[in-house]
Amino acid sequence: MNKIFPQGDANGSAAAGSKALPGGEANCSPCCCSRRGACLSAFLMLLLTALAALIALVAILGPPPRTPGAQACVTQTNRTGFLCDDRSSCIPASSVCDGVRACAHGEDEEEALCRGVPQSLSGFLVAHCGDPASWIYSDQMCDGINNCGDCSDELSPVTTCPPCGPGWWRCPSTVFRYCSCIPRSLCRDHVQHCFDWSDEYSCPGP
């Protein structure tokens with residue numbers, strides 16, 4: 001007599017013996033886990049690559065513009081200057097807010113610095129004339145030129161300037177552009193530039 005195995009196969013293994021996991025999903029196979037690990041590694045590599053690219057871009061283009069905070073320096077001509085953001089370029093004070101970018105990143109022409117001159121300028125960039133309503137840049141003081149229009153930037157009591165330099169002749173000038181000194185290049189040119197004519201009779205010339 002043939003033996004009948006209930007709900008089984010010929011080997012007697014029960015088909016109903018295998019239980020399904022809740023939700024109908026099988027356990028993660030080693031192959032599946034390997035794929036997930038590879039995807040995570042690829043994502044991390046992509047993130048690191050993007051970060052490296054961002055750092056390289058900042059290094060090439062330089063740091064973003066900072067809030068204006070002007071710093072003083074001394075130019076090669078020994079005059080008051082404006083220190084650029086690169087901390088090595090020192091431009092004349094009179095080059096700030098003149099409409100021309102003198103610093104590499106243009107910080108000398110930033111809107112926050114130039115929108116309300118002279119009030120928006122740092123104190124070391126500004127000098128006041130005898131007329132309180134008039135001002136000049138600080139590097140224009142004692143440069144031999146009548147920048148204020150009343151020579152208050154060259155003469156006392158408003159300003160105390162050193163004696164005329166080697167390339168100048170001291171005399172009361174007849175030319176509006178100069179005050180107490182004239183360039184020696186104007187001496188002996190048969191034109192009166194000094195009230196006392198000393199530019200034609202006493203000045204030795206250039």
Side-chain angles (χ1 to χ4, degrees), residues 43-168 173 175-186 193:
F43 174 75
L44 291 176
M45 287 295 296
L46 182 63
L47 184 63
L48 291 174
T49 301
L51 182 60
L54 180 61
I55 294 175
L57 185 62
V58 171
I60 294 174
L61 299 180
R66 61 180 177 86
T67 302
Q71 295 189 20
C73 59
V74 179
T75 65
Q76 294 181 349
T77 57
N78 200 32
R79 295 208 168 259
T80 303
F82 175 90
L83 185 64
C84 298
D85 282 354
D86 61 10
R87 296 294 182 270
S88 62
S89 301
C90 183
I91 65 173
S94 53
S95 294
V96 177
C97 300
D98 64 348
V100 180
R101 291 175 50 155
C103 292
H105 298 290
E107 54 269 23
D108 57 307
E109 301 297 326
E110 287 182 351
E111 181 181 359
L113 183 66
C114 304
R115 62 188 171 191
V117 295
Q119 290 79 11
S120 60
L121 295 174
S122 296
F124 70 87
L125 294 171
V126 178
H128 294 282
C129 300
D131 179 1
S134 300
W135 67 278
I136 60 175
Y137 286 100
S138 54
D139 65 329
Q140 296 174 324
M141 299 283 289
C142 300
D143 64 350
I145 307 300
N146 182 16
N147 296 292
C148 282
D150 59 0
C151 284
S152 58
D153 56 310
E154 300 294 322
L155 303 175
S156 60
V158 178
T159 307
T160 301
C161 296
C164 301
W168 297 77
S173 174
V175 183
F176 178 80
R177 177 177 172 82
Y178 307 109
C179 298
S180 60
C181 304
I182 65 168
R184 285 179 178 266
S185 59
L186 298 179
H193 299 290

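Predicted, not measured: the structure shown is a model, and the values here were computed from it. What you see below is based on every heavy atom in this structure, not just the backbone, and it leaves out hydrogens, waters and symmetry mates.
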Please round to the nearest 0.5 Å and tell me the distance separating atom [atom1] of [X] and atom [atom2] of [Y].
X	Y	atom1	atom2	value
I145	C179	CD1	SG	8.5 Å
H193	R177	NE2	CZ	12.5 Å
L46	L51	CG	CG	11.5 Å
D108	I91	CG	CD1	4.0 Å
S120	L125	OG	CG	9.5 Å

Determine yes or no for a side-chain-to-main-chain donor-acceptor pair under 3.5 angstrom, with [X] supplying the side chain and [Y] the backbone.
X	Y	value
D139	P92	no
S122	F124	no
N146	F176	yes
D153	C148	yes

Inset, instruction - Can you see which heavy atom on C97 is nearest to which on E109, and at what distance? - result: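 Looking at all heavy atoms of both residues, the shortest contact is N-OE2, 3.1 Å.
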
Legend entry - Minimum heavy-atom distance C90-G81, with the two atoms named: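 It is SG-CA, 3.9 Å.
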
Would you check if [X] and [Y] make a side-chain contact, meaning some heavy-atom pair closer than 4.5 Å?
X	Y	value
F82	C103	yes
T159	E154	no
L113	L121	yes
Y137	N147	no
P183	W168	yes
C84	H105	no

Inset, instruction - Start with the C-alpha distance between M141 and I136, add both sets of side-chain angles, then the distance that settles side-chain contact (heavy atoms from CB on, under 4.5 Å), and finish with yes or no. - result: CA-CA 8 Å; M141 299 283 289; I136 60 175; 3.6 Å; yes

